[in-house]
S.K.: 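Attaching a single structure in structure tokens format; questions to follow.
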Amino acid sequence: MKTAYKRKVLVYLFGSLGDTIVAIPALRAVRRHFGNAELVLLHNTPQNQVVSASDVIPTNLIDRSIDYTSSAGQVSNYFRLWMKIHTEKFDAAVYLVISERPARSVRRDRLFFRSCGIRELFGFNAFSMDQLYPIDHDGRPGTVDHEAVRKLQRLEADGIQRSPSEDLRQPLFEASSIEQEEMSRWLAPLRQKPDRPLLAMAPGCKTPANFWPTENFVSIAKQLAAEHLCEIVIVGGPAEKQLGDDLVANLGTGINAAGKFAVRGSAALLSLCNLYFGLDTGTTHLAAAVGTPVVALFHERDNPGQWFPLGNGHTIFQHDVACAGCRSQECPVAGHPCMKGISVEPVLEELRKKLRSKEKNASDLRILKV
């Protein structure tokens, strides 16, 4: 009796924690389209990146992964990757890289996978500059589709149908009951006010242009603690551990979990929190992915909408500036007005309101211009 042939599909994705989380809706569509095919994730983990894509994606969406090192100028690395892919004889390749990938890079990637002997290619479609960076009637960066939706659009152009109700369904990422129980046991002896809501606060970020002054976080945390509205847990990666220690010491209360857990542990912790407060960073996307309401402060360097947290019940603060749409990793304007222009008081009032509310994710995404 012959064994039924099982198709092999290579899924190409790279980027940070946030990039991976927003690819989950597209991965749901890919899994639905290919059924029981073997889905293999191709991703790279740069040396300075702590989180790997395979750590984030639910196991029901990807069967295994191939990790590679992308080092500029090292042709031997690309040849070894080509040999690996060619030898495995994949039936199809799916392209889930960032929508801002330049058209010339998309064409090069298409040629590479075709040269590996892969006949069916999905999602290898570049967006035009007008689609990526529209300008509204006031001459400002226009609102665009979310990055998760853009990935679904690219796939749909090649025949992979999308189902918004299913693909964008929340939560995107679920911690198991065992993981949540383990996190509850870790938290229990550290909590001083277990009867209060738990606020996750992430004052750090990797990109300088996304930064908000640490003293503002301290000011807000002190006021919320003085009003007995919550207990605060500092979250983030290893790079934020010292920042968390300093903040807790300054407050005289709180819990520092920054750098203590891998992705799944962090997800479990965030799922136990009543509210999350942070910046445009991977931890913000992770909080939204597990269904925790988010209050986030966003720059104006990108077109609004592309990288906002997915789901309902979130609040985004932004400050209008003349230099909106600069797309710079470091603010080119003295004083960093688009972030420093967001004052403490309206953010504090929104956090108060959400901490007092008994409803979770009851409203649509709110964008507050201050």
Side-chain angles (χ1 to χ4, degrees), residues 171 175 180 183-184 186-205 210 212-237 240-241 243-261 265-298 309 311-317 342-363 365-366 368:
Q180 288 181 320
M183 192 54 59
S184 293
W186 179 81
L187 274 172
L190 300 173
R191 296 206 61 176
Q192 299 174 18
K193 302 173 183 177
D195 59 323
R196 305 294 182 188
L198 190 60
L199 170 66
M201 183 178 287
C205 62
N210 301 352
W212 199 53
T214 304
E215 57 265 28
N216 289 353
F217 282 97
V218 173
S219 176
I220 286 175
K222 282 185 173 180
Q223 189 62 42
L224 293 177
E227 295 172 11
H228 306 289
L229 283 176
C230 63
E231 187 162 26
I232 295 170
V233 56
I234 307 300
V235 295
E240 284 78 56
K241 182 183 182 303
L243 179 60
D245 286 339
D246 294 343
L247 206 153
V248 169
N250 198 316
L251 290 175
T253 185
I255 302 165
N256 184 19
K260 289 189 178 295
F261 305 105
S266 297
L269 174 59
L270 290 167
S271 71
L272 298 177
C273 294
N274 301 84
L275 184 63
Y276 169 93
F277 171 43
L279 306 171
D280 178 12
T281 186
T283 311
T284 298
H285 290 289
L286 186 60
V290 299
T292 298
V294 163
V295 174
L297 314 183
F298 266 68
N312 294 328
H314 309 312
T315 301
I316 303 298
F317 280 92
I342 301 174
S343 58
V344 166
E345 191 52 44
V347 178
L348 177 58
E349 187 53 40
E350 180 70 7
L351 290 168
R352 285 185 182 121
K353 183 172 68 175
K354 284 186 172 288
L355 287 167
R356 289 171 178 147
S357 175
K358 301 298 182 183
E359 298 182 346
K360 186 175 183 179
N361 295 349
S363 62
L365 175 74
R366 298 172 66 225
L368 302 181

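Keep in mind that what you see is a predicted model, and the values were worked out from it rather than measured.
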S.K.: Would you confirm whether Lys260, through its side chain, and Gly265, through its main-chain N or O, come within 3.5 Å as a donor-acceptor pair?
M.R.: no
S.K.: What's the shortest heavy-atom distance between Cys205 and Leu279, and which atoms?
M.R.: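 Scanning both residues completely, I find the closest heavy atoms to be SG-CD1, 3.9 Å.
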S.K.: What pair of heavy atoms forms the shortest contact from Thr292 to Ser271, and how long is it?
M.R.: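 Looking at all heavy atoms of both residues, the closest pair is OG1-CA, 3.8 Å.
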S.K.: Do you know which two heavy atoms are closest between Tyr276 and Thr281, and how far apart they sit?
M.R.: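 Nearest pair, atom of Tyr276 first, then Thr281: OH-CG2, 4.1 Å.
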S.K.: With heavy-atom distances below 4.5 Å as the criterion, would you say the side chains of Leu187 and Leu269 are in contact?
M.R.: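 They are in side-chain contact.
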S.K.: Please report the closest heavy-atom contact between Ala200 and Cys273, naming both atoms and the distance.
M.R.: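 For Ala200 and Cys273, the tightest heavy-atom pair comes out as CB-SG, 3.7 Å.
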S.K.: With rounding to the nearest 0.5 angstrom, report the CD to CG distance, Glu349 to Leu368.
M.R.: 11.5 Å
S.K.: Roughly how far apart are Leu365 CG and Thr315 OG1, rounded to 0.5 Å?
M.R.: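 Answer for the CG-OG1 pair, Leu365 versus Thr315, is 7.5 Å.
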S.K.: If you measure from CG on Asn256 to CD1 on Ile232, what distance do you get to the nearest 0.5 Å?
M.R.: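 It comes to 12.0 Å.
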S.K.: Not counting sequence neighbours, which residues clear side-chain contact (heavy atoms from CB on, under 4.5 Å) with Lys193? List them please.
M.R.: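 For Lys193 the side-chain contact (heavy atoms from CB on, under 4.5 Å) partners, ignoring immediate neighbours, are Asp195, Arg196, His228, Glu231.
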S.K.: Heavy atoms only: give me the nearest Leu272-Gln180 pair and the separation to one decimal.
M.R.: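 The answer is CD1-O, 3.8 Å.
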S.K.: Quick check: do Pro309 and Phe298 have side-chain heavy atoms less than 4.5 Å from each other?
M.R.: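 Sidechains of Phe298 and Pro309: in contact.
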S.K.: Using modelled atom types and a 3.5 Å cut-off, is there a donor and acceptor pairing between side-chain atoms of Glu350 and backbone atoms of Val347?
M.R.: no
S.K.: Would a distance-only check, ignoring hydrogens and angles, find a side-chain to backbone donor-acceptor pair under 3.5 Å from Asp280 to Asn210?
M.R.: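 No: the side chain of Asp280 does not pair with the backbone of Asn210.
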S.K.: For Phe217, enumerate each residue passing the ring pair (Phe, Tyr, Trp, His ring centres under 6.0 Å) test, keeping only those at least two apart in sequence or located in another chain.
M.R.: Trp212, Phe277
S.K.: Answer whether the closest heavy-atom distance between the side chains of Leu229 and Arg352 falls below 4.5 Å.
M.R.: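 Leu229 vs Arg352: side chains touch.
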S.K.: Any heavy-atom pair between the side chains of Thr283 and Leu270 that's under 4.5 Å?
M.R.: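 Heavy-atom side-chain distance check passes, below 4.5 Å.
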S.K.: Check whether any side-chain heavy atom of Ser266 sits under 4.5 Å from a side-chain heavy atom of Val235, and report yes or no.
M.R.: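 They are not in contact (no side-chain heavy atoms under 4.5 Å apart), so the answer is no.
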S.K.: Is any side-chain heavy atom of Asn274 closer than 4.5 Å to one of Cys230?
M.R.: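 SC-SC contact between Cys230 and Asn274 ruled out.
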S.K.: Would you give the length of the straight line joining atom CD of Gln223 to atom CG of Leu351, rounded to the nearest 0.5 angstrom?
M.R.: 11.5 Å
S.K.: Before giving the answer on side chain to side chain contact (heavy atoms under 4.5 Å, CB included), spell out for Lys241 and Ile234 the whole-Å C-alpha distance, their side-chain angles and the decisive distance to 0.1 Å.
M.R.: CA-CA 9 Å; Lys241 182 183 182 303; Ile234 307 300; over 6 Å; no
S.K.: If every non-hydrogen atom of Met201 is compared with every non-hydrogen atom of Ala221, which pair is closest and at what distance?
M.R.: CE-CB, 4.0 Å
S.K.: Using 0.5 Å steps for rounding, measure from the CD atom of Glu215 to the CG atom of Leu247.
M.R.: 11.0 Å
S.K.: Can you tell me how far the CG atom of Leu198 sits from the CD1 atom of Ile255, to the nearest 0.5 Å?
M.R.: 6.5 Å
S.K.: If the condition is ring pair (Phe, Tyr, Trp, His ring centres under 6.0 Å), which residues does Phe261 pass it with, not counting sequence neighbours?
M.R.: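 Trp186.
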